[in-house]
Colleague: 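Attaching a single structure in structure tokens format; questions to follow.
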Amino acid sequence: MPRTFNRPHLVWGWRGTLADDVQRQVGAVNAALVSLGAQPVDLDTVRHHFTTSASALCAGILGRALTDREQTRASVAFETYHSRRPPPQLMPGAEDLLARLIRSGCTHSVLSLSAHNSLTQHIAELGITPSFVRIDGRTEPSSKAKTKEQPLAKHVTMLRQTIGNRPIVLIGDAVDDVRAALANQVHAVPYAGGLTHADILRRSGIPVADTLAEAAAIAVAHAHTA
């Protein structure tokens with residue numbers, strides 16, 4: 001009898017993954033750096049130092065620890081930059097990709113360290129809320145939300161009530177996505193089209209996708225061999 005495969009559930013990152021906001025993120029980082037009296041940097045520099053915390057990213061770029069006051073100043077400048085600009089659109093082709101995957105039997109959710117209310121409103125304005133069985137954003141101050149490890153644990157627990165024991169794969173553009181997935185026994189597919197340099201993502205030893213379509217294909221292939 002042929003083996004029956006479960007189509008995976010895909011947990012997507014938002015900023016730098018589904019949302020087309022890479023240049024916007026660089027602008028926000030530079031706003032944070034300028035607030036600290038530093039010079040702006042380019043995308044390649046951000047990708048080589050990227051972490052999910054704006055203050056930690058600035059510290060990495062500057063090569064020194066930030067004081068508590070500097071951390072607050074950098075975080076405020078980063079969030080203020082975002083709040084004064086219109087929300088980004090989806091990555092090109094992302095909406096069609098999500099729809100094709102749903103037709104094939106996959107389901108989707110979003111897990112992000114973006115503020116929850118802003119995240120859900122943004123996704124609703126893009127008209128794609130029905131594509132996701134769950135959307136979870138940050139519910140605590142940005143200064144305290146430095147990793148997805150615990151948020152992913154809660155996300156997976158809630159997902160299991162809907163999707164049962166189907167394979168779960170996390171697709172994201174940050175090293176933290178990989179670490180959070182491993183900590184929660186979830187397979188990860190690092191995506192190199194976002195804010196982390198591909199060479200850094202490859203250090204995880206996990207196959208890295210250059211496009212969202214490739215990331216989805218790797219996720220589906222993994223589910224078939226899990």
Side-chain angles (χ1 to χ4, degrees), residues 6-23 25-26 29 41-61 63 91 93-94 97-98 101 106-114 134 136-138 142 145-157 159-160 163 166-226:
N6 283 329
R7 303 297 280 183
H9 174 88
L10 307 181
V11 179
W12 296 89
W14 188 246
R15 288 181 172 178
T17 303
L18 286 180
D20 188 6
D21 67 345
V22 170
Q23 292 301 328
Q25 290 285 83
V26 173
V29 170
V41 297
D42 60 14
L43 172 59
D44 194 56
T45 300
V46 172
R47 281 180 162 158
H48 274 95
H49 293 277
F50 184 70
T51 180
T52 52
S53 164
S55 58
L57 175 53
C58 289
I61 292 171
M91 286 285 192
L97 175 63
L98 293 173
L101 289 165
C106 295
T107 51
H108 306 295
S109 60
V110 171
L111 179 65
S112 174
L113 293 181
S114 300
R134 187 169 186 86
D136 285 323
R138 169 176 53 81
S142 58
K146 298 181 179 180
T147 176
K148 285 184 181 176
E149 183 174 334
Q150 287 304 314
L152 180 59
K154 295 177 182 178
H155 192 76
V156 168
T157 297
L159 282 174
R160 288 299 180 200
I163 69 168
R166 286 171 47 214
I168 296 176
V169 181
L170 173 65
I171 298 174
D173 72 317
V175 172
D176 180 66
D177 291 311
V178 176
R179 291 172 178 165
L182 293 175
N184 286 283
Q185 292 77 55
V186 170
H187 187 71
V189 179
Y191 166 59
L195 287 158
T196 304
H197 199 282
D199 290 345
I200 295 174
L201 292 173
R202 291 191 182 99
R203 293 173 190 169
S204 67
I206 300 172
V208 175
D210 291 324
T211 67
L212 294 181
E214 183 183 0
I218 293 172
V220 170
H222 169 77
H224 283 189
T225 59

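Computed from a predicted model, the values in this text were never measured in an experiment. The residues of the chain are indexed from 1 along the displayed sequence.
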Colleague: Provide the closest heavy-atom pair for V189 versus A209 in the form atom of the first, atom of the second, distance.
Modeller: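 Looking at all heavy atoms of both residues, the shortest contact is CG1-CB, 4.1 Å.
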
Colleague: Does any part of the side chain of Q150, heavy atoms only, come nearer than 4.5 Å to the side chain of H155, both counted from C-beta?
Modeller: no

Colleague: Donor-acceptor pair, R166 side chain versus P8 backbone, under 3.5 Å?
Modeller: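 Yes; judged by distance alone, with no hydrogens or angles, the pair exists.
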
Colleague: Start with the C-alpha gap between Q185 and V156, add the side-chain angles, then the distance that decides, and say whether side chain to side chain contact (heavy atoms under 4.5 Å, CB included) holds.
Modeller: CA-CA 10 Å; Q185 292 77 55; V156 168; over 6 Å; no

Colleague: Tell me if a side-chain donor or acceptor on R47 pairs with a main-chain N or O of G194 at a distance below 3.5 Å.
Modeller: yes

Colleague: Find the distance between CD1 (I61) and OG1 (T45) and round it off to the nearest 0.5 Å.
Modeller: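 One finds 7.0 Å between CD1 of I61 and OG1 of T45.
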
Colleague: With salt bridge (charged side-chain N to carboxylate O under 4.0 Å, His left out) as the rule and sequence neighbours excluded, what pairs involving residues 189-214 come up?
Modeller: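 Sorted pair list: D199-R202.
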
Colleague: Please name the pair of heavy atoms, one in E149 and one in N184, separated by the smallest distance, quoted to 0.1 Å.
Modeller: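 Taking E149 first and N184 second, the nearest heavy atoms are O-ND2, 3.0 Å.
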
Colleague: For H187 and H222, take the angle between the two ring planes, folded into 0 to 90°, and tell me which bin it lands in: parallel under 30, tilted 30 to 60, perpendicular over 60.
Modeller: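 Rings of H187 and H222: parallel, under 30°.
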
Colleague: Is it true that a side-chain atom of D176 and a backbone atom of K148 form a donor plus acceptor pair closer than 3.5 Å?
Modeller: yes

Colleague: Nearest heavy-atom pair of L10 and A219: which atoms, and what distance?
Modeller: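 That would be CD2-CB, 3.5 Å.
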
Colleague: Please name all residues satisfying side chain to side chain donor-acceptor pair (under 3.5 Å) with T196, sequence neighbours left out, ordered by chain then number.
Modeller: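 So T196 forms no side chain to side chain donor-acceptor pair (under 3.5 Å) with any residue.
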
Colleague: So how far is it from L152 CG to R179 CZ, rounded to the nearest 0.5 Å?
Modeller: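 So the CG of L152 and the CZ of R179 are separated by 14.5 Å.
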
Colleague: Closest approach of V208 and A192, non-hydrogen atoms and distance?
Modeller: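 Taking every non-hydrogen atom into account, CG1-CB, 3.7 Å.
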
Colleague: Measure the shortest side-chain to side-chain distance between I206 and P190 over non-hydrogen atoms and say whether it is less than 4.5 angstrom.
Modeller: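 I206 vs P190: side chains touch.
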
Colleague: Looking only at non-hydrogen atoms, find the nearest pair between V220 and C106 and report the distance.
Modeller: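 Where V220 meets C106 most closely, the heavy atoms are CG2-SG, 4.1 Å.
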
Colleague: Atom CG in L98, atom NE2 in H108: separation rounded to 0.5 Å?
Modeller: 4.5 Å

Colleague: Side-chain contact test, heavy atoms from C-beta onward, threshold under 4.5 Å: evaluate it for V29 versus F50 and give yes or no.
Modeller: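 Counting from C-beta outward, V29 and F50 never come under 4.5 Å.
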
Colleague: About how many Å separate CG of D44 and NE2 of H49, when rounded to the nearest 0.5 Å?
Modeller: 9.0 Å

Colleague: Could you walk me through whether L159 and T107 pass side chain to side chain contact (heavy atoms under 4.5 Å, CB included), step by step?
Modeller: CA-CA 10 Å; L159 282 174; T107 51; over 6 Å; no

Colleague: Quick check: closest heavy atoms across G16 and Y191, and the distance to 0.1 Å?
Modeller: O-CE2, 3.4 Å

Colleague: Against V186, only a single residue in V11, L170, V169, D177 fulfils side chain to side chain contact (heavy atoms under 4.5 Å, CB included); can you say which?
Modeller: L170

Colleague: Say whether S53 and S55, considering side chains only, have a donor N or O and an acceptor N or O under 3.5 Å apart.
Modeller: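 Result is yes, a qualifying pair exists.
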
Colleague: Quick check for you: to the nearest 0.5 Å, what is the distance between M91 atom CE and L212 atom CG?
Modeller: 6.5 Å

Colleague: Are the side chain of D173 and the backbone N or O of L195 linked by a donor-acceptor pair below 3.5 Å?
Modeller: yes

Colleague: Nearest 0.5 Å, what's the CG-OG distance between D21 and S114?
Modeller: 7.5 Å

Colleague: Does R134, at its CZ atom, have more than 12 non-hydrogen atoms belonging to other residues, nucleotides or ligands within less than 6.0 Å?
Modeller: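 Yes.
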
